[in-house]
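Let me begin by presenting the structure, written as structure tokens, before commenting on it.
This structure is a prediction, so every number in the text was calculated from the model and none was measured.
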Amino acid sequence: MILLRRRGIAMPLSLALLASSAMPVTAQTSARASTAALAAITTLPAFIDGVMAQQIATREVAGAVVTVVQNGRVIMSRGYGYADVDRAIPVDPATTLFRPGSVSKLFTWVALMQQIERGNVSMDADVNQYIDFKVPAFEGKPITVRDLFQHTEGMSDVGGIIIPDPAKVEPFGKWIATHIPRRVWAPGTETSYSNWGAALAGYIVERVSGEPFATYTERHIFRPLGMSSTTFLETFDAPMRLRSALGYKLENGRFVANGIEYVGNIAPAGSVSAPGADMSRFMMAMLGGGQLGGARILKPASVRMLMSDSFANVPGMEGMAHGFMVRGLAPRLVGHGGNTRDFHSDLVLAPDRGFGFFISMTGGEGSYGARTELTEAIIGRMFPRQPAVRVAGPSPRIGSYRTNRRDYDKPPSPERDLKVSVAGTGALKLELSGRTSYWQRIGADTYEQVTGARAGGPYEQLRFYGDDRDPRLSFSSQPHVTYHFVKP
């Protein structure tokens with residue numbers, strides 16, 4: 001059974017987009033595109049309903065929220081399934097609190113950009129100028145604020161960020177000061193996603209503003225935008241706790257509620273709780289150049305900066321914007337995903353189209369993949385693509401590749417390496433964590449996934465690059481990491 005909680009559906013595209021047959025060919029082409037766009041947005045809510053019905057039936061989804069905006073209006077805001085399975089409390093998109101995980105970082109980057117606007121922080125300054133502990137340089141090169149935005153700190157990954165016991169949560173500024181990750185390579189040279197770096201960004205905001213980070217974001221982002229239920233705090237009163245969606249695991253075919261997970265040790269990197277309705281207000285503000293109604297949280301130039309390119313591991317492929325990740329190139333898509341143990345979320349914006357959507361799901365392990373499937377289904381529906389032309393050519397360097405995002409203080413785990421092998425002329429087989437996918441060559445050192453590809457895309461690509469000393473590969477959907485060849 002699929003449960004819906006709806007708010008008003010507004011269709012912002014005018015019927016004037018429909019063109020007459022007397023128009024010139026170029027105008028007719030534009031009119032056809034406009035008509036297709038109108039059809040896509042008009043039918044999108046029903047399309048999402050269908051995908052969600054399938055996922056609740058087959059992908060271990062207990063509850064979900066989906067909200068879609070375009071041109072300053074909410075197109076749909078719907079809840080699916082249950083926030084609390086045992087008590088049969090349905091998801092309400094206006095009130096049910098979800099934990100969007102790393103989508104929280106987008107608020108942190110907005111807060112840091114506010115301090116840059118005010119002249120309190122400089123993009124290319126050493127981060128040590130703004131904090132009360134010392135982050136060591138690497139080969140004489142300090143980490144800059146810009147490195148935080150583009151995840152180019154050159155650091156090891158760090159664990160211990162999601163814990164079940166609130167008594168073990170420290171003030172995040174104290175925690176990051178005592179858990180500085182190992183420096184592995186020079187800053188500014190390659191992107192490797194860093195929760196620690198995002199938490200440091202929030203600490204800089206706290207230090208230069210003189211306000212606790214959760215208070216700062218409430219006063220300068222959430223309250224101005226009317227996001228009355230959104231918070232970085234993890235200690236709720238009873239009414240807020242009752243509104244919170246629960247996390248689940250699947251045991252013997254039944255959903256069993258997990259205990260609460262706490263992310264406070266790196267709060268600016270992932271501790272937000274928010275309903276779908278609040279997230280729609282944030283999306284409309286960002287698509288509106290930093291303004292929603294009479295409230296402005298950023299200047300238009302600052303919003304453009306956040307969404308503009310910063311660093312890409314592979315030139316010509318999706319890379320990092322500033323805090324935002326580039327999710328597509330035609331049209332340009334930016335956003336951020338988020339995963340905790342229990343919640344799987346995504347926020348995607350198409351700035352040039354005034355379009356955005358936010359989704360969050362909870363359930364069994366299958367809900368992780370369901371989030372990704374829904375994201376790709378919406379993108380393919382709204383911005384359909386054709387698969388690239390296959391071309392013949394030599395095979396790349398086959399073997400094992402290892403992600404640069406890992407804990408370098410622990411021995412590597414070869415069983416987690418990405419295995420690349422030849423699967424016929426111009427074709428590759430990739431194996432990772434028990435999953436196998438197949439890819440076909442579409443250009444020099446570039447391959448497109450054929451496993452699980454859906455009509456309209458998006459079509460995942462990978463590219464081999466580097467040199468004989470350091471062969472690498474990167475995926476279009478993973479601008480935040482790269483993979484290095486593991487020498488035999």
Side-chain angles (χ1 to χ4, degrees), residues 51 58-59 190-192 312-319 325-331 333 337 365-366 368-381 383-406 412-488:
V51 175
T58 65
R59 297 293 275 153
E190 63 183 80
T191 292
S192 181
N313 284 320
V314 189
M317 286 188 73
E318 290 84 347
M325 296 182 190
V326 180
R327 307 292 296 273
L329 300 176
L333 304 175
E365 290 185 4
Y368 184 115
R371 178 279 314 266
T372 302
E373 290 168 2
L374 180 57
T375 293
E376 293 181 347
I378 294 172
I379 292 173
R381 180 79 170 186
F383 312 113
R385 302 285 303 276
Q386 294 295 321
V389 176
R390 295 0 182 175
V391 298
S395 298
R397 184 186 291 266
I398 61 172
S400 296
Y401 290 78
R402 185 170 296 156
T403 178
N404 66 345
R405 185 192 177 192
R406 57 188 177 87
S413 302
E415 68 275 8
R416 297 181 180 177
D417 291 343
L418 173 67
K419 310 296 194 303
V420 180
S421 58
V422 174
T425 303
L428 297 177
K429 180 174 76 170
L430 271 62
E431 299 172 275
L432 179 65
S433 300
R435 293 185 289 271
T436 300
S437 58
Y438 292 87
W439 304 68
Q440 291 184 333
R441 190 175 187 271
I442 61 172
D445 301 318
T446 305
Y447 290 74
E448 189 169 85
Q449 184 174 352
V450 295
T451 306
R454 58 185 302 137
Y459 297 97
E460 173 82 357
Q461 295 183 359
L462 70 84
R463 184 171 299 166
F464 294 86
Y465 64 108
D467 54 33
D468 289 339
R469 295 173 299 171
D470 183 19
R472 306 184 190 186
L473 69 80
S474 286
F475 294 91
S476 58
S477 68
Q478 299 180 36
H480 56 296
V481 295
T482 188
Y483 291 78
H484 294 262
F485 183 73
V486 181
K487 296 180 174 55

Going from [atom1] on [X] to [atom2] on [Y], what distance comes out if it is rounded to the nearest 0.5 angstrom?
X      : Y      : atom1 : atom2 : answer
Thr403 : Arg406 : OG1   : CZ    : 8.5 Å
Leu430 : Ser437 : CG    : OG    : 4.5 Å
Thr451 : Glu460 : OG1   : CD    : 11.0 Å
Met325 : Leu333 : CE    : CG    : 14.0 Å
Glu318 : His480 : CD    : NE2   : 13.0 Å
Ile442 : Tyr447 : CD1   : OH    : 10.5 Å

Taking [X] for the side chain and [Y] for the main chain, is one N or O donor matched with an acceptor at less than 3.5 Å?
X      : Y      : answer
Arg390 : Ala388 : yes
Ser395 : Val422 : no
Thr446 : Ala444 : yes
Asn404 : Thr482 : yes

Can you name the closest pair of heavy atoms from [X] and [Y] and give their distance?
X      : Y      : value
Asp417 : Leu432 : O-CD1, 3.8 Å
Gln449 : Trp439 : N-CE3, 3.1 Å
Pro458 : Gly380 : CD-N, 4.0 Å
Ala312 : Gly319 : CB-CA, 3.8 Å
Phe464 : Arg397 : CE2-O, 4.1 Å
Glu431 : Lys429 : OE1-CE, 3.8 Å

If you count the non-hydrogen atoms of other residues, nucleotides and ligands that lie under 6.0 Å from CD in Gln386, is the total more than 12?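 Check fails, neighbour count at 12 or below.
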Under 6.0 Å from the CG atom of Asp467, do we count more than 12 heavy atoms belonging to anything else shown?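 Yes, CG of Asp467 has more than 12 neighbouring heavy atoms, counting only those of other groups under 6.0 Å.
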Tell me whether Arg402 forms a cation-pi arrangement with Tyr483, defined as NZ or CZ under 6.0 Å from the six-membered ring centre and within 45 degrees of its axis.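 Negative - Arg402 is either too far from the ring of Tyr483 or too far off its axis.
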Mark yes or no: Arg371 above the aromatic ring of Tyr368, with NZ or CZ under 6.0 Å from the six-membered ring centre and no more than 45 degrees from the axis.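 So Arg371 does make the cation-pi contact.
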When you check the side-chain N and O atoms of Arg405 and Ser192, is any donor under 3.5 Å from an acceptor?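 Short answer, no.
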For Val420 and Tyr401, what are the C-alpha separation, side-chain angles and deciding distance, and is it a side-chain contact (heavy atoms from CB on, under 4.5 Å)? CA-CA 8 Å; Val420 180; Tyr401 290 78; 3.8 Å; yes
Test log, rule side chain to side chain donor-acceptor pair (under 3.5 Å), inputs Ser474 and Arg463: CA-CA 6 Å; Ser474 286; Arg463 184 171 299 166; over 6 Å; no
Yes or no on side-chain contact (heavy atoms from CB on, under 4.5 Å) for Val481 and Gln478, after CA distance, side-chain angles and deciding distance? CA-CA 6 Å; Val481 295; Gln478 299 180 36; 3.4 Å; yes
Salt bridge present between [X] and [Y] (N-O < 4.0 angstrom):
X      : Y      : value
Arg59  : Glu373 : yes
Asp470 : Arg472 : yes
Arg441 : Glu448 : no

Dump the intermediate steps for side-chain contact (heavy atoms from CB on, under 4.5 Å) on Arg327 and Thr375, then the final yes or no. CA-CA 11 Å; Arg327 307 292 296 273; Thr375 293; 4.0 Å; yes
Restricting to ring pair (Phe, Tyr, Trp, His ring centres under 6.0 Å), what partner residues turn up for Tyr459, sequence neighbours left out?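 Tyr459 satisfies ring pair (Phe, Tyr, Trp, His ring centres under 6.0 Å) with no other residue.
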Apply side-chain contact (heavy atoms from CB on, under 4.5 Å) to residues Tyr465 and Asn313 and explain how you reach the verdict. CA-CA 10 Å; Tyr465 64 108; Asn313 284 320; 3.6 Å; yes
Any Leu428 side-chain heavy atom under 4.5 Å of Pro396 side chain: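 With C-beta onward as the side chain, the pair touches.
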